[in-house]
Amino acid sequence: MIPDKKYLLIPGPTQVPPRVVEAMSRPIIGHRSAEFQTIVERVTDKLKKVFQTENNVFIIGSSGTGALEAAVANVVSPGDKVLALSSGKFGERFRDLAKIYGGEVDFVDFGWGYDIDLKVVQKKLEENPDIKVVLATQNETSTGVQNDIEGLGKLVAKYEAILVVDAVSGLAAIDLQTDAWHVDIVVSGSQKALMLPPGLAFISVSEKAWQKIQQNTSPKYYFDLLKAKKSIAKWNTTYTTPVSMVYGLDAALDMILEEGLDNVFARHKMLARATRAAIQGLGLELLAPDDCASMAVTAVQSPMVVDADTLRKVLLRDYGVTFAGGQDAMKGKIFRIAHMGFADKMDVIIAISALEMALGKVGYKAELGAGVREAQMIFVGGDHA
Ligand SMILES: *Cc1c(COP(=O)(O)O)cnc(C)c1O
């Protein structure tokens with residue numbers, strides 16, 4: 001085995017395309033230079049296409065959680081009623097942020113492995129017309145569940161509340177029509193489906209959200225979106241932006257737009273289908289049901305014979321393959337295979353073939369090739385049986 005040969009198949013950070021790495025190696029320029037302003041203008045234009053919005057998208061030097069905090073700090077004032085909808089770890093994080101900023105949070109937990117039930121949300125909004133902010137996760141990375149943001153957006157639009165969506169791991173993997181679906185704030189991060197290293201985050205803001213931001217009384221400095229709005233009017237960023245990351249972003253967005261958003265979403269869907277079929281072919285259980293299965297990451301229940309983390313150790317030690325483990329109560333019980341960003345058919349084949357071999361080593365009887373074959377069948381269109 002070549003120790004340096006690694007296959008990073010976790011839901012962030014993800015693999016970075018050579019074209020992005022190359023772009024990032026260019027010489028640094030000043031973040032207040034005319035040249036950088038031109039780049040910010042161009043990159044913002046491309047971000048708007050990927051976010052499917054006419055509004056500006058702000059670039060923040062932080063991890064995804066930083067932009068989630070920016071969203072909350074700018075729209076949640078102390079005492080505001082907040083409806084936090086959760087399907088797992090990241091839904092819980094959103095709730096925690098809203099509490100820290102003084103929100104009066106109604107936390108609705110749909111459970112790990114389940115998606116948001118719109119009927120429950122509608123009832124909450126009907127009964128509590130004073131809800132100011134609704135928080136939701138597009139792709140719940142901890143469980144491999146994706147939520148119906150179209151349905152949620154169209155529902156929340158009928159009320160005074162604004163909808164804030166954590167799309168850190170779903171944007172550019174799963175369709176999210178920010179404007180058409182009335183999503184007021186969309187937050188994303190660089191190191192998931194956007195194919196960049198960790199370090200940048202993004203946030204789009206609707207007119208309805210700006211009204212809320214203008215009245216906001218929460219303390220904030222680095223994450224003040226009104227300052228960011230002033231800066232972007234001159235294609236500036238408020239503080240020193242990671243220049244090299246923006247070069248990379250420029251290249252990554254080109255790749256996404258050249259492939260075409262619809263093709264990008266279709267690729268993720270195909271990879272998810274193939275991964276799920278392969279897992280079932282091996283007799284293993286998926287965590288998320290078909291109707292809310294994530295197109296970006298698949299969570300698998302570990303077989304009874306082995307702890308998921310032991311299996312992951314074998315995968316890394318013997319095959320150089322990294323899957324993600326379960327978080328909190330799911331630790332040791334599930335493993336997660338990412339198929340987002342710079343992922344294609346052969347990444348799924350590597351994931352599944354390594355899994356088949358590792359399963360044999362930990363005492364789970366799976367026929368070699370039984371999972372790979374299912375994935376291949378989907379890739380060739382199912383007519384090579
Ligand atoms: C990864 C992730 C985050 C957190 O992003 P960081 O960059 O680790 O701060 C938030 N929400 C979701 C859904 C994620 O997948």
Side-chain angles (χ1 to χ4, degrees), residues 8-16 51 58-73 84-98 100 107 109-110 112-116 134-149 152 163-176 178 183 185-204 222-223 242 245 248-249 252 268 272 287-288 292-299 322-328 330 334-343:
L8 185 64
L9 301 172
I10 63 174
T14 61
Q15 299 171 49
V16 177
F51 273 68
F58 300 95
I59 302 169
I60 303 176
S62 80
S63 87
T65 307
L68 293 178
E69 178 151 1
V72 170
L85 308 169
S86 177
S87 318
K89 176 92 182 165
F90 292 105
E92 293 170 10
R93 181 172 299 181
F94 231 171
R95 167 205 60 195
D96 294 345
L97 277 163
I100 281 177
F107 179 62
D109 185 7
F110 294 92
W112 288 52
Y114 299 90
D115 62 339
I116 293 169
V134 178
L135 305 175
T137 314
Q138 178 207 21
N139 181 60
E140 181 46 81
T141 321
S142 63
T143 58
V145 162
Q146 66 181 51
N147 285 307
D148 175 9
I149 300 303
L152 196 58
L163 174 62
V164 183
V165 170
D166 170 351
V168 173
S169 65
L171 191 100
I174 304 160
D175 196 12
L176 202 175
T178 301
V183 186
I185 294 188
V186 174
V187 171
S188 197
S190 56
Q191 79 277 20
K192 311 259 169 112
L194 285 167
M195 310 189 286
L196 290 155
L200 284 186
F202 314 98
I203 180 164
S204 73
Y222 184 71
F223 290 132
M245 287 290 291
L249 176 63
H268 283 86
L287 182 64
C292 63
S294 166
M295 300 300 131
V297 58
T298 297
T322 308
F323 292 168
Q327 296 159 294
D328 299 345
M330 291 285 172
I334 61 166
F335 58 89
R336 295 172 295 147
I337 307 171
H339 31 80
M340 63 171 75
F342 193 51

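Atoms within each ligand, like the ligands themselves, are counted from 1 in listed order. None of the values given here were measured: they were computed from a predicted structure.
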Q: Apply the side chain to side chain contact (heavy atoms under 4.5 Å, CB included) test between R93 and each candidate in T137, D166, T65; give the one that qualifies.
A: T65

(Q) Measuring only between side-chain heavy atoms, which start at C-beta, is V186 closer than 4.5 Å to Q138? (A) no

Q.
Between D115 and D148, is there a side-chain heavy-atom distance shorter than 4.5 Å?
A. no

Q) Please, which pairs that meet side-chain hydrogen bond (donor to acceptor under 3.5 Å, both in side chains) have at least one residue in residues 188-198, sequence neighbours excluded? A) none

Q: Identify the two heavy atoms, one from I10 and one from A324, that lie closest to each other, and give their separation to 0.1 Å.
A: CG2-N, 3.6 Å

Q | CG-CG distance between L152 and L85, expressed to the nearest 0.5 angstrom | A | 6.0 Å

Q | First-shell residues of ligand 1 [heavy atom, distance under 4.0 Å] | A | S63, G64, T65, L68, F90, R93, T137, N139, T141, D166, V168, S169, Q191, K192

